[in-house]
Amino acid sequence: MFALIDQNGNFLSDFEFLSIKRLNERLFLCKQKINGKVKCGVLNEFAKLVLEAKFDDISLINDEYLLVFDGFLYGLFDVNLNCIFDPMYKDVKFIAKDMIKVRVGTKYTLVDKNKNELSKNSFDFMKIIDDELVLFLENSKFGFMDQNGMLICEAKFDEVGEFVGGLACVKIANKYGFIDKNAKIIIDVMYDELRFFSENLAAFCARGKWGFINTKGKTIIEAKYDEANSFSEGIASVKKDNRYFLINQNDEMLCEHEYEYMSCFSCGLALVLTSDGFIYVDKNANIAIKEHFDEAFDFKEGLAQVCIDNQWGFINTNGEFVLDLQFENVNDLGNGIYELSKNGHKFYLEYNGKITLNPFSQRQIACISKDIGWRILRLLELKE
C-alpha cells in the first residue's frame, strides 16, 4: 500500500492506496479498491481526495485536462476539477486549444469545452495540425477546416502528408504536389512521386526519372536520375545507369560510390549498408569509421547510437566509444535526451554526451511504499 509524505517526511495520508502517481504539481492519481474493484481518483497536494475514486483510469492531457475512463466511455475534467462532460463518448482522442475531438459510434466530430459542436458533420477521421487546421476524412477523401469548424477546403485529396516547413505533400488521382496551411496548392499536383523538402529542395519523380524542385516549384535539377535521396549538408546521393554518385545542389558530381543504401549526412558523415553491416563514410564516400555495426543511427550533436550483438553504445565522429556497448535498449525521447536501459535500470544521456541518473526535476512530495522496504520513489517530471 502507498501513502504520501512531504519533503520533511511527515505523513500526509495513511497507507490506504494501491498506488499513487503524480499528475502535476498539485494533483496525484490514486488507486483504491472499491467494492472489490480497482478504481481511480485524484488527490491534491494535501492528500485530500478531490475527485472520487470511481473511474477505471485517469490521465493528464496537455497539462490542462483530466481524461477519465469509465466502462466503455470517456469524460473530461479540467485541472481545477470542473467537469467538462461526464463519460459519454467512446473516444476523446486529442485536444488543441478549445477543440476536443470525440467519437460517437464510428464517427468523429469536434466539440468545445462547453460541449458545443464545432462541426456540423461527423467524419471517419479527424486530426488537428499545429493547433491551426483540422484534417478530416469524408467519403475516402481528405479536406480541411479551421479551429472553429469552418470549412477551408472540401474533401478532395486522396492522401495528405505531414506539414514540414509550412508545406504538405498531397495526392490527387495518383499525382503529387504541395499545399500550404491554407490548403492552397502551391506546387501543382503533377508528379509521380515527391519527397519532403530538405535544404529548400525536394526530390521528384516524373516518367520514371528523378530530379529536384525548389519551394516555388521550379525545376532546379532535371529529372534524369534513376534514384535520388534528399539533400543534407549540401549533398545528395543519386543513381544513374546502375552507378551511384554524390552531387551538390548545382548538380555537379562530387564522387562515385558503391553503396545502395546511404542515409543523409549529419556531422559530415553518412550511414551506409554493406554486406557486413553498417559503417560511416565521409563526403567523399571514403570510409570514415571502419567498425561494422548490426544497427546504427545518424549522428546528433556529435554522437551516434550503435549496436553490436544486441548491445547498444555511443560513438563520436572519430568512431571512439563515448559509452561502451552495454545497454539493452536505447530510446530517443526527443528534446535532446536518450533513455538507456541496463539490467532493469534506466539512465539518461543528453545529445551532447552528458549522462545522468535522471534529466528530470524533483518535486516536493515523494511517494513511499512499505511493501518495498520504505524505499522512497521520487516522482519525476520532464523539464519544460
Side-chain angles (χ1 to χ4, degrees), residues 61-62 67 72-74 76 85 88-113 115-198 201-219 223 228 230:
I61 305 294
N62 291 354
L67 182 65
F72 297 97
L73 299 175
Y74 289 88
L76 203 66
F85 50 79
M88 59 186 295
Y89 296 111
K90 288 189 175 181
D91 196 6
V92 177
K93 204 66 176 182
F94 57 84
I95 299 169
K97 293 186 178 178
D98 289 332
M99 291 187 298
I100 305 167
K101 187 185 83 165
V102 298
R103 181 160 69 94
V104 181
T106 60
K107 299 286 187 178
Y108 292 91
T109 190
L110 289 178
V111 299
D112 63 19
K113 61 183 180 181
K115 292 189 292 186
N116 298 315
E117 290 192 0
L118 298 176
S119 57
K120 297 179 180 179
N121 300 326
S122 297
F123 304 100
D124 300 317
F125 169 87
M126 299 183 79
K127 179 181 179 182
I128 295 176
I129 301 171
D130 297 336
D131 292 349
E132 298 177 22
L133 290 175
V134 180
L135 175 69
F136 65 85
L137 179 66
E138 185 177 40
N139 298 323
S140 301
K141 301 286 185 181
F142 290 97
F144 292 91
M145 59 179 131
D146 66 17
Q147 58 187 350
N148 297 313
M150 299 297 293
L151 186 67
I152 295 175
C153 175
E154 63 181 7
K156 64 179 182 179
F157 301 112
D158 298 317
E159 294 178 10
V160 177
E162 296 290 333
F163 278 91
V164 178
L167 298 177
C169 184
V170 296
K171 178 183 178 182
I172 299 177
N174 293 320
K175 296 293 183 181
Y176 294 86
F178 279 98
I179 61 170
D180 63 15
K181 286 191 174 181
N182 294 314
K184 179 182 177 182
I185 294 177
I186 300 299
I187 295 175
D188 288 341
V189 182
M190 57 183 287
Y191 301 101
D192 298 330
E193 291 185 63
L194 267 179
R195 299 212 172 106
F196 288 120
F197 278 97
S198 177
L201 293 179
F204 72 89
C205 182
R207 295 181 295 279
K209 296 294 182 180
W210 287 86
F212 292 86
I213 56 173
N214 64 15
T215 54
K216 304 296 183 181
K218 179 181 178 181
T219 299
S230 297

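One is the number of the first residue; the rest follow in order along the sequence.
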What closest approach, in Å, do K156 and I172 show between heavy atoms, and which atom pair accounts for it?
-> O-CG1, 3.9 Å

From the list L135, V189, V170, L137, side-chain contact (heavy atoms from CB on, under 4.5 Å) with F157 holds only for V170

Working for salt bridge (Lys or Arg N to Asp or Glu O under 4.0 Å), residues D124 and K107 = CA-CA 5 Å; D124 300 317; K107 299 286 187 178; 2.4 Å; yes

Examine distances only and state if a side-chain atom of D192 and a backbone atom of R207 form a donor-acceptor pair shorter than 3.5 Å.
-> yes

Smallest separation among heavy atoms of T215 and I187, with atom names | O-CD1, 3.9 Å

Minimum-distance pair of heavy atoms, taken over all atoms of W210 and A228 | CB-CB, 3.8 Å

So, for E159 and Y176, which heavy atoms are closest and what is the spacing to 0.1 Å?
-> OE1-OH, 3.7 Å

Does any non-hydrogen side-chain atom of K184 lie less than 4.5 Å from one of I179?
-> no

Hey, what's the ring geometry for F204 with Y191, parallel, tilted or perpendicular (30° and 60° as the breaks)?
-> tilted

Rounded to the nearest 0.5 Å, the CZ atom of F136 sits from the CD atom of E154 at a distance of 8.5 Å

Side-chain donor or acceptor of D180 paired with backbone N/O of N182 under 3.5 Å | yes

Grab the two heavy atoms, one from N121 and one from T109, that are nearest each other, plus how far apart they are.
-> O-OG1, 3.5 Å

Check whether any side-chain heavy atom of L133 sits under 4.5 Å from a side-chain heavy atom of D146, and report yes or no.
-> no

Which distance, rounded to the nearest 0.5 Å, do you find between the NZ of K90 and the OG1 of T106?
-> 8.0 Å

Are F123 and M145 close enough that some pair of their side-chain heavy atoms sits under 4.5 Å apart?
-> yes

Separation between CD1 of I213 and OG1 of T219, rounded to the nearest 0.5 Å | 7.0 Å

Under the criterion side-chain contact (heavy atoms from CB on, under 4.5 Å), which of L67, L76, D112, I61 is the partner of I100?
-> L76

Residue pair F144 / V160, side-chain heavy-atom distance below 4.5 Å = yes

Gap between atom CZ of F142 and atom NZ of K127 - 0.5 Å precision = 9.5 Å

Do you know the tightest heavy-atom contact between Y74 and V92?
-> CB-CG2, 3.7 Å

Y89 and K101, any side-chain heavy atoms less than 4.5 Å apart | no

Is a side-chain donor or acceptor of N139 paired with a backbone partner of K141 at a separation under 3.5 angstrom?
-> no

Assign the ring pair F178 / F197 to parallel, tilted or perpendicular, where the plane angle (0 to 90°) is split at 30° and 60°.
-> tilted

Interatomic spacing from CE in M126 to CD1 in I128 - rounded to 0.5 Å | 7.5 Å

Identify whether the distance between the nearest side-chain nitrogen and carboxylate oxygen of K175 and E193 falls below 4.0 Å.
-> no

Should Y108 and D91 be marked as a side-chain contact (heavy atoms from CB on, under 4.5 Å) after you check the CA-CA gap, both sets of side-chain angles, and the distance that decides it?
-> CA-CA 9 Å; Y108 292 91; D91 196 6; 3.9 Å; yes

For the pair L201 and N214, evaluate side-chain contact (heavy atoms from CB on, under 4.5 Å) and give the outcome as yes or no after the intermediate values.
-> CA-CA 5 Å; L201 293 179; N214 64 15; 4.1 Å; yes

Within the side chain of D158, is there an N or O that forms a donor-acceptor pair under 3.5 Å with the backbone of A173?
-> yes

